[in-house]
Amino acid sequence: MPELPEVETTRRGIAPHLVGRTVTTAIVRDARLRWPVQADLPQRLAGRTIQAVGRRAKYLLLEFAEGTLLVHLGMSGSLRVLPATTPPGKHDHFDLVVGEHCLRLRDPRRFGALLWWPRQPREHPRLAALGPEPLSEAFEGSMLAAAGRSRRVAIKALIMDAKVVVGVGNIYANEALFRAGIHPARRSDRIGPARYERLATEIKAVLAEAIAQGGTTLRDFQREDGRPGYFRIQLKVYGRGGEPCPACDASLLETRLAQRSTFYCPRCQR
DNA sequence: AAATTCTCCTGAAGGC
DNA sequence: TGCCTTCAGGAGAATT
């Protein structure tokens, strides 16, 4: 399940194979993604030259002079660069053919998306309302505190809200709250400025560490060349309900919060 | 209107 | 062994 570090790892992996190259053809094998892939997408892409491969939140942005292809990997999507002649597998729904190679989208659960946008990516309605990138300077403790003060949601829900900050998925929300010593259900308006500073710092740190390690992985994340990602970054609480807290040995708890699996240490996190 | 719940999908895992 | 059920989760949509 790609989170922001996996998407960024994918971006860095595929960009060298794509930038400056011209699309030979595009193949849609199954248009039934999150939204139906528009039928004329191959015609729109053929003959266009990829100028840059960007990212906003968990959207990958294949930028052309004529517009942008937004690619979202959803829950189970992965992108690989392969020889164009490689036979497609069962869930290989889309190819972007670039000379001898192709960028191939595999997505068993089909929660992903392919969207053509004939303008600048920043103007896309899905991107325009998003909060800041977590690793940018625009995201820091005081703005997070301001967002939290004006609402009364669980802190975990706050940091997973894309209007507040993008790219903090369930795994890293759990990890960041553990590292910051904050209980995931604590109300956002009952956390002080210093603790918000710490939380913003830990969100940045855990995401940066995961990117530096090439993306963590759960289940089926694959790198652009097909190598699996690795559990290089040790997840301290996610998926560890019942295990001892790595800091204090208390038994880690698992609950449901905002419809998501939530793991925390009842002693370390308040 | 903010907050919560629902929805899409299928592979994996667990139960009997 | 095999069929059945349950679960996971990104994020937009629907509901309260």
Side-chain angles (χ1 to χ4, degrees), chain A residues 1-11 29-38 55-61 70-79 88-94 105-115 117 121 124-134 146-177 184-191 203 207 210 215-222 228-229 231 235 237-242 254-263:
Chain A
M1 43 211 72
E3 297 227 22
L4 186 138
E6 288 84 346
V7 177
E8 178 61 19
T9 297
T10 297
R11 188 193 70 76
R29 296 192 192 81
D30 193 337
R32 299 172 302 162
L33 299 185
R34 167 120 202 212
W35 298 284
V37 179
Q38 64 185 87
R55 179 185 61 75
R56 177 74 173 102
K58 294 177 187 170
Y59 287 89
L60 286 165
L61 310 172
L70 282 71
V71 182
H72 200 291
L73 300 178
M75 282 288 307
S76 59
S78 63
L79 289 169
K90 183 179 178 185
H91 301 297
D92 291 340
H93 307 313
F94 175 77
L105 173 68
R106 171 174 295 183
D107 187 3
R109 294 177 203 180
R110 308 206 314 272
F111 281 15
L114 292 168
L115 299 169
W117 176 244
H124 193 283
R126 302 265 177 238
L127 306 183
L130 293 174
E133 289 287 327
R149 265 198 308 276
S150 65
R151 306 170 53 179
R152 42 174 62 194
V153 290
I155 185 59
K156 183 163 179 251
L158 183 80
I159 63 176
M160 292 182 70
D161 184 341
K163 292 187 292 298
V164 175
V165 57
V166 302
V168 182
N170 193 42
I171 296 171
Y172 294 109
N174 278 293
E175 295 296 312
L177 287 166
R186 173 165 288 275
R187 258 173 54 172
S188 65
D189 60 346
R190 296 194 176 165
I191 297 173
I203 288 170
L207 291 173
T216 183
T217 185
L218 283 164
R219 303 200 176 96
D220 52 4
F221 175 64
Q222 292 189 336
F231 258 121
L235 299 178
V237 292
Y238 184 84
R240 295 185 180 279
E254 174 175 6
T255 62
R256 294 290 283 184
L257 184 60
Q259 315 307 116
R260 292 294 175 258
S261 299
T262 301
F263 302 89

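Chain identifiers are assigned alphabetically (A, B, ...) following the order of the sequence lines, protein sequences preceding nucleic acid strands; residue numbering begins at 1 within each chain.
In this structure a side-chain-to-backbone donor-acceptor pair under 3.5 Å is missing from A:Glu254 to A:Thr262.
Between A:Phe111 and C:dG10, a base-stacking contact is recorded: ring centres under 5.5 Å apart, planes less than 30° from parallel.
Note on the helix from B:dA2-C:dT16 to B:dC16-C:dG2: angle between the axes of the first and last five pairs equals 60°, rounded to 10 degrees.
The residue A:Arg256 sits close only to the backbone: its heavy atoms come under 4.0 Å of sugar-phosphate atoms, none of a base.
Among A:Leu60, A:Leu61, A:Leu114, the one residue that satisfies the side chain to side chain contact (heavy atoms under 4.5 Å, CB included) test with A:Leu70 is A:Leu61.
Listed by residue number, A:Arg151, A:Arg152, A:Val153 are the residues of residues 150-165 of chain A with a heavy-atom contact under 4.0 Å to DNA chain B.
C:dA11 atom C1' lies 8 Å from atom CH2 of A:Trp35, rounded to whole Å. In this structure, A:Asp107 atom CG and C:dA11 atom P are separated by 13 Å, rounded to whole Å. Taking atom CG on A:Asp30 and atom C1' on B:dC9, their separation rounds to 12 Å, with Å as the unit. If you take CZ of A:Arg110 and C1' of B:dG11, they are 13 Å apart, rounded to a whole angstrom. Look at CG on A:Asp92: it is 15 Å from C1' on B:dT10, rounded to the nearest Å. For the pair A:Met75 CE and B:dT10 P, the interatomic distance rounds to 13 Å; values are reported in whole Å. Following rounding to the nearest Å, A:Phe263 (CZ) and C:dA8 (C1') show an atom-to-atom distance of 10 Å. Taking atom CG on A:Leu130 and atom P on C:dA11, their separation rounds to 9 Å, with Å as the unit.
Contact between the side-chain N/O atoms of A:His72 and the OP1/OP2 oxygens of C:dG10 is not found at any separation under 4.0 Å. The side chain of A:Tyr59 places an N or O atom within less than 4.0 Å of a non-bridging phosphate oxygen (OP1 or OP2) of C:dG12. A:His91 has no side-chain polar atom (N or O) that falls below the 4.0 Å cut-off from OP1 or OP2 of B:dC9.
Picking from C:dA11, B:dC9, C:dA8 the nucleotide with the shortest atom distance to the side chain of A:Arg260 gives C:dA11. Which of C:dG12, B:dC9, B:dG11 sits closest to the side chain of A:Arg34 comes down to C:dG12. Out of B:dT5, C:dG10, C:dA8, the shortest distance to the side chain of A:Glu254 is found at C:dA8. In this structure, the nucleotide among B:dT5, C:dG10, B:dT10 sitting nearest to the side chain of A:Lys58 is C:dG10.
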Run the side-chain contact (heavy atoms from CB on, under 4.5 Å) check on A:Leu73 and A:Leu105 step by step: do they pass? CA-CA 8 Å; A:Leu73 300 178; A:Leu105 173 68; 3.8 Å; yes
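Between A:Ala147 and A:Val164, the shortest heavy-atom contact is CB-CG1, 4.0 Å. The nearest pair of heavy atoms linking A:Arg34 to A:Phe111 is CB-O, 3.6 Å. Taking both residues in full, the closest heavy atoms of A:Val7 and A:Arg55 are given as CG1-CD, 3.7 Å, listed atom of the first, atom of the second, then distance. Between A:Ala57 and A:Leu130, the shortest heavy-atom distance links the atoms CB-CD1, 3.9 Å.
Taking NE2 of A:His124 as the reference point, atom OH of A:Tyr59 lies at 7.5 Å (rounded to 0.5 Å).
Listed by first and then second residue, the salt bridge (Lys or Arg N to Asp or Glu O under 4.0 Å) pairs involving residues 163-172 of chain A are A:Asp161-A:Lys163 (not counting sequence neighbours).
Between A:Arg152 and A:Ser188, the side chains place no donor N or O within less than 3.5 Å of an acceptor N or O (distance only, hydrogens not considered).
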